[in-house]
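Reading through the structure tokens given below for one structure.
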Protein chains: 2
Amino acid sequence: MAVDKGYMSGSARMLVLNLLNEKSQYGYELIKTLKQRSNDVFDMKEGTLYPILHKLENDELISSSNQEVSGRVRKVYCITDKGQRVLAREREEWREFSVAVNQVLTFGGI
Amino acid sequence: MAVDKGYMSGSARMLVLNLLNEKSQYGYELIKTLKQRSNDVFDMKEGTLYPILHKLENDELISSSNQEVSGRVRKVYCITDKGQRVLAREREEWREFSVAVNQVLTFGGI
DNA sequence: TTATTATACCTAGCCATACTAGGTATGTCA
DNA sequence: TGACATACCTAGTATGGCTAGGTATAATAA
């Protein structure tokens with residue numbers, strides 16, 4: 001990760017959910033998509049991703065199925081309706097948070 | 001805090017440094033300033049702030065002195081030159097991070 | 001006067017979260 | 001065949017904010 005890992009806290013889940021909302025993907029693929037889409041800012045580690053995926057599935061925000069992709073069986077994840085509702089809330093929270101940070105930072109037109 | 005506390009991770013330090021860069025303040029005052037400036041989004045706890053202040057002082061990013069404010073002795077914190085340099089870097093990191101998150105979230109003009 | 005509340009500072013221990021570092025297995029390519 | 005990328009997994013670690021408690025002073029209400 002190009003930025004301090006602390007920033008990831010709280011966002012990792014939302015980012016994963018968001019990517020799965022656009023397109024069902026398997027774990028390893030998510031890491032590459034995230035890296036590419038963020039212009040190499042996010043380099044999520046497997047030790048971060050897989051526990052998140054397992055927790056999301058356990059909470060029924062995503063579901064998984066073994067599918068053959070490019071001649072190989074992969075565990076493909078798909079967002080659920082519940083996951084979409086949670087994602088919408090988390091996106092709103094992110095917006096509120098980032099606006100607040102920028103308000104603090106840009107006081108006085110700095 | 002109105003938003004999930006996880007988002008604070010990595011930002012709390014920068015926000016404190018940023019406020020002290022504008023104006024020397026004592027701890028309790030920082031909490032109120034932060035709350036006000038963020039329209040009640042940030043409600044930083046004392047158990048969060050004081051350890052941050054002590055760490056920042058230990059790292060020589062801020063310095064403190066006991067001053068009488070409104071007829072009472074308070075521990076007033078002041079940013080150092082080193083603190084200003086670190087703040088500039090952290091602001092840049094925040095910008096990079098938030099841009100990256102928004103890039104991931106708004107793919108396809110969503 | 002006394003009780004309550006707000007101010008002001010502090011810290012030990014808790015908990016959530018991302019990471020490190022290791023493991024296993026398969027496919028590709030030199 | 002050996003090296004590397006792909007693909008998944010997890011135990012343990014480190015970080016960082018919070019909970020919940022403490023102390024002390026000043027202002028305000030009963």
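Since the structure is predicted, the reported quantities are computational estimates derived from the model, not experimental observations. Letters A, B, ... are given to chains in the order of the sequence lines, protein chains preceding strands, and every chain is numbered from 1.
Between A/T48 and A/S70, the residue anchored closer to the 5' end of DNA chain D is A/S70, taking for each the nucleotide with the nearest heavy atom.
At whole-Å resolution of the value, CD in B/E68 and P in C/dT7 are 19 Å apart. The distance from atom CD of A/E57 to atom C1' of D/dC9 is 14 Å, rounded to the nearest whole Å. With rounding to whole Å, B/K75 atom NZ is found 9 Å from C/dC10 atom C1'. The nearest whole Å value for the distance from the CE atom in A/M44 to the P atom in C/dT20 is 13 Å.
B/R13 comes within 4.0 angstrom of no nucleic acid atom, judged by non-hydrogen atoms across all strands. Residue A/G10 is in sugar-phosphate contact alone, with no base atom involved, counting any heavy-atom pair closer than 4.0 Å across all strands shown. Here A/K32 lies in heavy-atom contact (under 4.0 Å) with sugar-phosphate atoms only. B/E29 comes within 4.0 angstrom of no nucleic acid atom, judged by non-hydrogen atoms across all strands. Residue A/G47 is classed as a base contact, given a heavy-atom separation below 4.0 Å to a base.
Between B/H54 and the phosphate of C/dT11, there is a side-chain N or O to OP1/OP2 separation shorter than 4.0 Å. For B/Y50, no side-chain nitrogen or oxygen approaches OP1 or OP2 of C/dC10 to under 4.0 Å. Between A/Y28 and D/dC8 there is no side-chain N or O to OP1 or OP2 distance below 4.0 Å.
Ring geometry for A/Y7 versus B/F97: interplanar angle under 30°, hence parallel rather than tilted (30 to 60°).
In this structure, the nucleotide among C/dC19, D/dC8, C/dC10 sitting nearest to the side chain of A/Y26 is D/dC8. When distances are taken from the side chain of B/I52 to each of C/dA18, D/dC8, D/dG17, the shortest belongs to D/dG17. Comparing C/dC10, D/dC8, C/dA25 against the side chain of A/R72 picks out C/dA25 as the nearest.
Between the A/S38 side chain and the B/A100 main chain, no donor and acceptor come within less than 3.5 Å of each other. Here the side chain of B/K45 pairs a donor or acceptor atom with the backbone of B/D43 at under 3.5 angstrom.
A salt bridge links B/R95 with B/E92; the closest basic N to acidic carboxylate O contact falls under 4.0 Å.
The side-chain heavy atoms of A/V101 and B/M14, taken from C-beta on, include a pair separated by under 4.5 Å.
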